[in-house]
Amino acid sequence: MSIVENLQQVQNELPENVTLVAVSKTKPAEAIQELYDAGQIEFGENKVQELVSKYEFLPKDIKWHLIGHLQKNKVKYITEFVYLIHSVDNLDLLKEINKQAAKCSRIIPCLLQIKIAEEDSKFGMYAELAEEIISNYKSDYPNVEIVGLMGMSTFTEDENQIRSEFKYLKSVFDKLRTQNSELKTLSMGMSGDFKIAIEEGSTMVRVGSSIFGERNYH
Ligand SMILES: *Cc1c(COP(=O)(O)O)cnc(C)c1O
C-alpha cells in the first residue's frame, strides 16, 4: 500500500472529533509533500533541527507539532512557526517558551506531558505538578496557552496496562478541565495503541509508522 492509502486507512478508523498528527520524523520531505497533496496538513516531528529544515522546505500552511523532548536552548528555533508543543514536561521549559514566544509576539499553544508509563525512559511530569502549573501560569506566562495534556504509554504487549495508563491520563484531564475550560486536547495514542487511546477518550493521535512505514534509525 502507498503512504496515501495508509493515511486514508488510519483516518477511516478515527472518529470525527479526533485529530490525526502524522508523525514524519526520519522521513523525507517528499513523503510529507505527498500526504500534504492528499489533504493532510498536521505533521509531528520530535527533533528541533529536523523540524526546522522541513519547515523551511515545505508548504507554509502545514501545522507543525513538536512531539519529542524539547531542550530549553532549542526553543528559540521553533517559536516563530510551531503550531503545538506536546512535550512540556517541566516549568523551566514553559518559562522559556513564554520568553521566546513574547519575542515574536505569539501565544504558543502547549500540552503538558504527563508521565503515565512505568519506564524511566519516558519523559513527563506528575499530575500534581501539572495541576499546580495550570492553576497558576496565566499571569506570569501570558505568551503560552496550555490547551491540554499528552502522554505515552508503556511499550508493552499488555493491552490492559496500556488501557489503564490511558484511563489514568483521561481522569487527570477531566479533573483539570473542571478547573480550566481551555483544556481541550488530550494527545494520546500512537501506531500501536491509538485504537485503545480513542476508546479511552483521546482527542489527538500521533501516528507515524502505520502511515509512513517502519523507521530505519541505523
Ligand atoms: C515517534 C513518536 C510517535 C509515533 O510513533 P509510531 O509508533 O511510529 O506511530 C508518537 N509520539 C511520539 C512522542 C513519538 O516520538
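Reckoned from all heavy atoms, side chains included, excluding hydrogens, waters and symmetry mates. All ligand and atom numbering here is 1-based and tracks the order in the structure.
Taking any N or O of G68, backbone or side chain, none lies under 3.5 Å from an N or O belonging to ligand 1. Considering both main-chain and side-chain atoms, S209 comes within under 3.5 Å of ligand 1 through a nitrogen or oxygen pair. Of the N or O atoms in S210, none lie within a sub-3.5 Å distance of an N or O in ligand 1.
Checked by atom type, the side-chain pair R106/T79 shows no donor-acceptor distance below 3.5 Å.
Within the cation-pi definition used here (under 6.0 Å to the ring centroid, within 45° of the axis), K60 qualifies as a partner of Y55.
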Verdict with supporting geometry, Q9 and E5, side-chain hydrogen bond (donor to acceptor under 3.5 Å, both in side chains): CA-CA 6 Å; Q9 187 167 341; E5 286 168 327; over 6 Å; no
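The salt bridge (charged side-chain N to carboxylate O under 4.0 Å, His left out) check on E200 picks up R163, K167, with sequence neighbours excluded. Taking the ring-ring contact (aromatic ring centres under 6.0 Å, His included) definition, one finds that Y137 meets it with nothing, sequence neighbours left out.
Counting atoms of ligand 1 from 1 in the listed order, those under 4.0 Å from a heavy atom of V207 are 9 (O). Residue contact check: M152 has heavy atoms under 4.0 Å from atoms 13 (C) of ligand 1. Taking every non-hydrogen atom of R206 and a distance limit under 4.0 Å, the qualifying atoms of ligand 1 come out as 4 (C), 9 (O), 10 (C), 11 (N), 12 (C), 13 (C). Listed by atom number, the atoms of ligand 1 under 4.0 Å from S191 heavy atoms are 6 (P), 7 (O), 8 (O), 9 (O).
Contacts with ligand 1 closer than 4.0 Å are made by side-chain heavy atoms of R215 only, the backbone lying farther away.
Checked for salt-bridge contact, E131 and K175 meet the test: a charged N lies under 4.0 Å from a carboxylate O.
Of the options D37, I3, L58, a side chain to side chain contact (heavy atoms under 4.5 Å, CB included) to I32 is made by L58 and by none of the others.
With atom 13 (C) of ligand 1 as the reference point, the heavy atom nearest to it among L66, I67, D193 is part of I67.
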